[in-house]
Amino acid sequence: MVSENPFAEFRLECQNSLEGSLQKLFSETQITRLSLERPPNPEFGQLASSLCFELAKQLNENPLTLAKRLVEALNKSKFSLIEHVDAAGGGYINFHVDFPKFSSITIESVRHLDIEYGLVKTDKPLKIIVEHTSANPLHPMHIGQARNPMLGDAIAQLLKSRGHNVYRHFYVDDVGRQSAVLAYGYKKLGRPKPDEKPDHFLGKIYTITSCLIEIKRLKRELERAKAVSATEEIPNLNKELDDWMSAAAELKEKHPNLFEELLERITEDEDPEKKINELNKAYEAGHERAKQLIRGVSELCLQGLKQTLNRAEVSYDSWDWESELAWTSRVQTVLEKLKKTPYVFPLGGILEFDAEKAVQQFDLKKKLGLRESYEVPSLTLIRADGTTLYPTRDIAYTLWKFERAEKVINVIGMEQKLAQLHLKIALHALGYGNYADNLIHFAYNLVSLPGYTMSSRTGRYIKFDEVMDEAVKRAYEEVSKRSPQLSEEQKQEIANFVGMGAVRYALVEVDPSKPVVFTWDRVLNFETNSAPYIQYSHARACSILRKAARKPEKPAYNLLKEKLEHEIILTISSFPDIFIEAAELLKPNLIADFANVLADKFNTFYNALPVIKAKPQGLSDARLALVDAVRIVLRNTLNLIGIVAPERM
RNA sequence: GGGCUCGUAGCCGAGUCUGGAUUAAGGCGCUGGCCUUCGGAGCCGGAGACCGGGGGUUCAAAUCCCCUCGAGCCCGCCA
């Protein structure tokens, strides 16, 4: 017998028999949901029900007595996977699995389904767009941003394995002031050819340019504030200026030549701000010269980003250029439609969207999880110079996405929560409430450096490339130490997947809602609870199978009597459940955690019990099959989170 | 000022959505063993938390509700 979800079979059987018993004795009571939990201790069986506590209250009786009566009334003739049931604790009903049978079904199922084991398909496959990464093509990706592709890729993989049609989209955000800033600085330098990885090269230009311009702007505003004696503004402006000044000092120190050159060239301009705005406007309007410049710079930077992502083995099905959205008048069309709604109004030359009004009109407060007292801020759609803003374009982009998918998942940091809220409200206002319902903001918390938040604008960040380099370097040192006999090529290969695996695991393992402080030893951990540990366990399993050099012909599963063996069997039998939960709730960290638990149990088993030399042969075969099953499950979990499952390392 | 998120041992962190069994995982670090026969990137053991604080709901609360403190983020004609 092969089951795609062995543990669910057991649970179902427990559920049905408990229900039967309940019907027989207390058909009149109203227990709506008889939940079964995993008891804290194997002595209490593999599933337990606490319904007698609730029942006891209703009937005003002792829970334990009720439990005993219910156990008594179970239809034992129908037991297949249940070995026995008892009442224990203060009134728990404990179900014990029939291990010989259950072991056999579990192990055989895993080995039979192999690469598909655990990946239970949904009965409602959807077309889903997962938009992730979408890093601005302005600078290299930093380690804070890297959490995004790691999570996004894992989510896409989970949903795909769940049977959905998944499309991974990268939104290239090349429209807007920031792109114009970079292009401006780049042009000022005479459009130089990069002498290093292009995103690294352009990142410096962007940071310095934007820093210089920001300082110039703030100085001017400060003067203006002083002139009109707007005293309350001055301290804030001063503080902001100080921040930028110290950022400038850091940049000057790090890149003295480039800094000086840009300073000189930018000072030439009377009003750089104005030039940047003009450039931005021209680009959005699709003027040829602006296109050549900005699109050129964006593409150059994107080349670098693609190299980084390739190396991390993250890939995409579509690269969506924001500029093309603007040029094909999609943005204009959406704007026209928005203007016709009662929520959009002009305000001193700009166009404003009254989100609060729309929320009230559609009665969305509760639906969107907002407090009644919370007033949604309004949103500016168009600047005074007629150019659009990012959220405006995002509305058009979202509509574009829903032409291609039924569900859209945006993997974006939680700091963009308000922006994503605005987006949803705008969809409602446009009459696309159903889109809003199928738009999911997968929010994750920030990655910071000890003491401060990473910022690409000020140049204070650690590059993702650096982290990968360092991880692979460290892995190489480890391999050389542990396996000096390997060839150079082999060492390199191992160092690569170990280092990359460690980085990926470190970023996927943590609950996305929790903030992460980046430290090197978080990523360079090669011990328990790391990708290398799991990879090693997988390699170990492979090694045993290799050494055995035989197929488990006659496994005697009834001989698997050790507690350790039972634990492993239970663990692998619950992988399908874990997978379903991870895919439905979008929690890739559950997979990482599960993989670590399994690896842990397997290593304990490995140390305690012989496999190949076990006697009799039937036991040896059964253990061999178990090892094979562990190997398969470990490999499947690693695949899900994008980590190589090596046969040797 | 308003809103969102996080707060579990020296450090990192699972569990919180879906409340359950006086043993609240696991890792690092500290510490005592195994010095390896299927690979030690390993295994076994010890010390260390009552879950930010305070109330409440419940037979049962780290988990739900209220209040409060601390940290981060957002509230821009930036993206």
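All figures in this text were calculated on a predicted structure; none of them were measured in a lab. Proteins come first, then strands; the chains are lettered A, B, ... in the order of their sequence lines, and each starts at number 1.
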Apply salt bridge (Lys or Arg N to Asp or Glu O under 4.0 Å) to the pair K57(A) and E54(A), showing each step before the final yes or no.
CA-CA 5 Å; K57(A) 213 181 61 184; E54(A) 203 182 334; over 6 Å; no
R38(A) to F7(A) six-membered ring, cation-pi geometry met (6.0 Å, 45°):
yes
Does a side-chain N-to-carboxylate-O contact under 4.0 Å join E372(A) and K366(A)?
no
Rounded P spacing from rG26(B) to rC43(B) in Å
12 Å
In terms of heavy-atom contacts, does NZ of K275(A) have more than 12 from other residues, nucleotides or ligands at under 6.0 Å?
no
Minimum-distance nucleotide (side-chain atoms of L585(A) versus rA41(B), rC17(B), rG15(B))
rC17(B)
Between rG2(B) and rA49(B), how many Å separate the two P atoms, rounded to a whole number?
38 Å
Would you mind building the protein contact string for nucleotides 4-9 of chain B? One character per nucleotide, 5' to 3', B for base within reach (heavy atoms under 4.0 Å), S for sugar-phosphate only, - for untouched.
SSSS--
Take atom P in rG7(B) and the same atom in rC12(B), then report the distance between them in whole Å.
12 Å
Please check if any side-chain donor atom of E509(A) sits under 3.5 Å from a side-chain acceptor atom of N529(A), or the reverse.
yes
Quick one: which of rC74(B), rG42(B), rC78(B) gets closest to the side chain of N603(A)?
rG42(B)
Is it the case that D600(A) and Y533(A) place a side-chain donor and acceptor less than 3.5 Å from each other?
yes
Return the nearest nucleotide to the side chain of L590(A); candidates are rG15(B), rA14(B), rA79(B).
rG15(B)
Among rG39(B), rA21(B), rA41(B), which nucleotide sits nearest the side chain of N94(A)?
rA21(B)
F53(A), nearest nucleotide to its side chain (from rG39(B), rC77(B), rC59(B))
rC59(B)
Should the pair E221(A)-R217(A) be classified as a salt bridge under the 4.0 Å nitrogen-to-oxygen rule?
yes
With a 4.0 Å cut-off, would you call R177(A) and E273(A) a salt bridge?
yes
Does rC43(B) have OP1 or OP2 sitting under 4.0 Å from an N or O in the side chain of Y533(A)?
yes
In Watson-Crick or G-U wobble terms, with both distances under 3.5 Å, the base opposite rU18(B) is none
Expressed in whole Å, how much space separates the P atoms belonging to rC67(B) and rG29(B)?
43 Å
Are K514(A) and D511(A) ion-paired here, with the side-chain N under 4.0 Å from a carboxylate O?
no
Choose from rC78(B), rC75(B), rA41(B) the nucleotide whose nearest atom is closest to any side-chain atom of P377(A).
rC75(B)
Take the protein atom CD1 of I395(A) and the nucleotide atom P of rA79(B), then report the distance between them rounded to whole Å.
13 Å
Need to verify one output field. Residue with the more 5' nearest nucleotide on RNA chain B, G348(A) or Y374(A)?
Y374(A)
Among rC77(B), rG3(B), rA14(B), which nucleotide sits nearest the side chain of I350(A)?
rC77(B)
Rounded to whole angstrom, note down the C1' distance from rA41(B) over to rA24(B).
29 Å
When the C1' atoms of rA71(B) and rG48(B) are compared, how many Å lie between them, rounded to an integer?
25 Å
Pairwise P distance for rC73(B) and rC59(B), with rounding to whole Å
43 Å
In the 5'-to-3' direction, what one-character label does each nucleotide of nucleotides 32-38 of chain B receive under the scheme B = base within less than 4.0 Å of a protein heavy atom, S = sugar-phosphate only, - = no such atom?
-----SB
Among rG26(B), rC43(B), rA79(B), which nucleotide sits nearest the side chain of N596(A)?
rG26(B)
Side chain to side chain donor-acceptor pair (under 3.5 Å) partners of Y606(A), counting only residues at least two apart
none
Nearest-Å distance for atom pair CG/P, residues N41(A) and rA24(B):
12 Å
Nearest to the T380(A) side chain among rC77(B), rG42(B), rG13(B), which nucleotide is it?
rC77(B)
I'd like the C1' distance from rA61(B) over to rC66(B), given in whole Å.
15 Å
